[in-house]
Amino acid sequence: MTPAASPSSLRQRLARWVPCLAWPRPSAALLRSEAMAGITVALMVIPQGVAYAALAGMPLVTGVYAALFPALIAVMFSSSQRLSVGPTALTSLLVGASLAPLAVAGSAEWVAMAVWLTLMSGAIQIVLGAGRFGWLLRLVNSPVLIGFTQGAAVLIAISQLPSLLGFTGRTIPQVLQGGPLPDLTAIAFGLGSIAVLWLGKRFMPRFPTTMALVAGAAAISWGINYALRGGAVVGSLPSGLPSFYWPGLLPLGTFSALVLPALMITLVSFLETASSAKVDNARAGTLWNENQDLIGQGLAKLASGFTGAFPTSSSFSRSAITLYAGAQTGWATLFSVVVVAGALLWLMPLLYHVPQAVLAAVVVTAILGLVKPASFTALWRISRIEAGIAFGTFVLTIATAPSIYWGVLGGLLASMAHYMYRHLHPRIIEVGLHPDGSLRDRNLWKLPPLAPQLYALRMDAELDFASASTLERALTVALADRPDLTDVCLFAQPINRIDITGAEVFGSIRRMMESKGVRLHLSGMKLPAMQVLERAGLLAPGPMLFSYRTDGEALAALMPRIDVPTEAETAG
């Protein structure tokens, strides 16, 4: 009989699926520091949640709901313990932009569709994580992400301009058509709040400036009777913890219209999580378990949906504050959840007098950190094509608003097309012997041929369906242009994989060489590639095929009268 598993080993096995079981037993000192970090984040997420709910077109209290149970579930089931999970600007914008053509913001139909978006996105993340498919999200490269986040940030900032400039409740086209004069008090609240938030972030990053601002603005608003004078304020918010919410079934056409937005929310929200999780794990000296974080974030979305809220994600700014405030474990999030629960139970009436211009300022200040025009310049210096993809994604995101997910799709298609183009046009060079003993591009370095009747080439790519025909074409052109060739040497060290098409093309190349009486030399082929050709019977010994283990051996055999290094490096 096998001995019973010890409690510690059982806990370790369970911790693979419920990472909170691996948290350290807290000491009094640890709890004090975790409490300070958790309270700091809670005082930031409460006003942000209300502001982001307005951005998503949802009832304002759902922004606080999204910071309660989702944060608790995420910290229990995610491998990255110190992420602040809750409402974020980008996911909120995606909800508002996706539902704008389908329903009236804030209506029961809108809320139901927003919840379905949340549930669908959460289910997708759980399936991806459980199936270990986290690697699929790496298909979105940095240029696409830069272009989309910059475009979304601009759209978010523009959407808040009416509230900041005293035109709360009106769209920009309505403002341009004329109408009532702007509310000067709202302008003062909005621009003054931006100034306060900027100064707080600049000089007191640990201080809960956002909550202090909201409390101060509410007091001023109450003191001047701003609401009674017709000013736009938050108004009454229901107190109490959220109850279970079921959105009901949707018509099939409406449901199908939510599939693409749900996929985009999944993608964008997890990319937000990745940016925070990589920092968290780097500081902790651990490897990032992206699949477990997918599961944890997916479960958090389900918790958000079933409480009537909207999609959640990891906030980079709040997660950074969590780390900056000294959080070491997930206990900090538990303290944050307790504070949010207390606010829902007893503090919601205090938000009644908060001007909506202040909420707009909170959104704009949080999103301005994403606006980095210098990133396009940096990309341009590195790669003009990828800079073009980033800028094209940026333009498409803005141009297709409110259906901004087309920006990501367009950028993704452009980057994949660029990827395939590079694979369809691999770098194939004729090599020559550099004075330092390495093999380099003969035309670039103005090097003589290795030998008069030898064509020596190197392909810096895999030999697969995308690149094989290019190699065959290069050899066919070389044989046609130089009928005096007696030998061809393929320096194959960069080729680390050969697929079926590549093997077939290699067989065709070998037969072509033999028919023309040209000897084929292979140098430095790696074992995985060699095994594919051997299994295909294409490396059978013959008088016209020669193989060498290293480039040095190949050069010694092909150039016996030239003093060459025993191990020539490939470069250039």
Side-chain angles (χ1 to χ4, degrees), residues 33-55 60-68 70-71 84-89 92 160 163-164 189-223 226 233-239 309 312 315-327 332-369:
S33 65
E34 298 295 271
M36 289 303 298
I39 292 171
T40 300
V41 173
L43 294 179
M44 183 178 183
V45 74
I46 292 170
Q48 276 194 347
V50 175
Y52 293 156
L55 184 62
L60 299 185
V61 73
T62 62
V64 189
Y65 292 167
L68 184 64
S84 176
V85 175
T88 63
S92 300
Q160 301 305 302
S163 296
L164 283 175
F189 274 122
L191 299 184
S193 297
I194 290 178
V196 170
L197 290 169
W198 183 85
L199 291 172
K201 183 178 180 181
R202 179 73 173 82
F203 296 106
M204 294 184 295
R206 292 194 180 189
F207 184 74
T209 307
T210 304
M211 195 64 190
L213 167 69
V214 168
I220 295 172
S221 173
W222 173 78
Y226 183 57
V233 296
V234 168
S236 298
L237 297 179
S239 297
T312 56
S315 166
F316 186 81
S317 59
R318 293 197 303 269
S319 298
I321 288 177
T322 303
L323 295 173
Y324 190 73
T333 297
L334 296 186
F335 282 103
S336 177
V337 167
V338 169
V339 174
V340 172
L344 281 168
L345 289 171
W346 300 296
L347 301 181
M348 288 297 99
L350 299 180
L351 296 177
Y352 180 95
H353 290 282
V354 177
Q356 291 191 21
V358 174
L359 298 183
V362 170
V363 173
V364 169
T365 306
I367 208 67
L368 285 180

Q: Drop me the distance from Leu199's CG to Ile194's CD1, to the nearest 0.5 angstrom.
A: 12.0 Å
Q) For Tyr52, which residues count as a ring pair (Phe, Tyr, Trp, His ring centres under 6.0 Å) partner, sequence neighbours excluded? A) none
Q: Kindly write out the residues that satisfy side-chain contact (heavy atoms from CB on, under 4.5 Å) with Ser163, not counting sequence neighbours, or none if the list is empty.
A: Thr168, Ala360
(Q) To the closest 0.5 Å, what do you measure between OH (Tyr352) and OG (Ser236)? (A) 5.0 Å
Q) Residues two or more places apart in sequence or in another chain: which of them pass side-chain contact (heavy atoms from CB on, under 4.5 Å) with Tyr226? A) Asp183, Thr185, Ala186, Phe189, Ser221, Ile224, Val233, Pro355
Q: Give, for atom OG of Ser315 and atom CD of Gln48, the distance between the pair rounded to the nearest 0.5 Å.
A: 5.5 Å
Q.
Looking at every heavy atom in both Ser336 and Gly38, which two are closest together, and how far apart are they?
A. CB-O, 3.3 Å
Q | For Leu68 against Val337, the heavy-atom pair lying closest together | A | CD1-O, 3.6 Å
(Q) Keeping Ser92 on the side-chain end and Ala53 on the backbone end, is there a donor-acceptor pair under 3.5 Å? (A) no
Q. What's the shortest heavy-atom distance between Ala89 and Leu55, and which atoms?
A. O-CD2, 3.6 Å
Q: Just jot down the side-chain contact (heavy atoms from CB on, under 4.5 Å) partners of Ala215, sequence neighbours excluded, or say none.
A: none
Q) What's the spacing between Leu344 CG and Leu237 CG if we round to 0.5 Å? A) 9.5 Å
Q: Could you pull out all residues at least two apart from Thr88 that satisfy side-chain hydrogen bond (donor to acceptor under 3.5 Å, both in side chains)?
A: Thr91, Glu272
Q | With Leu350 via side-chain contact (heavy atoms from CB on, under 4.5 Å) - residues at least two apart | A | Leu347
Q) Between Ser193 and Ala361, which heavy-atom pair has the shortest distance, and what is it? A) CB-CB, 3.5 Å
Q: Identify, with sequence neighbours excluded, every residue that meets side-chain hydrogen bond (donor to acceptor under 3.5 Å, both in side chains) alongside Gln160.
A: none
Q | Minimum heavy-atom distance Ser239-Leu345, with the two atoms named | A | CB-O, 4.0 Å
Q) What heavy-atom pair brings Val45 and Ala67 nearest, and what distance separates the two atoms? A) CG2-CB, 3.7 Å
**Q.** Thr210 vs Leu43 side-chain heavy atoms within contact, under 4.5 Å
**A.** no
Q. Going from CE on Met204 to OG1 on Thr209, what distance comes out if it is rounded to the nearest 0.5 angstrom?
A. 5.0 Å
Q: Working to the nearest 0.5 Å, report the span between CG of Leu60 and CE of Met348.
A: 10.5 Å
Q.
Consider side chain to side chain contact (heavy atoms under 4.5 Å, CB included). Of Val214, Leu213, Val64, which one does Pro47 pass it with?
A. Val214
Q) Can you name the side-chain hydrogen bond (donor to acceptor under 3.5 Å, both in side chains) partners of Thr333, sequence neighbours left out? A) none
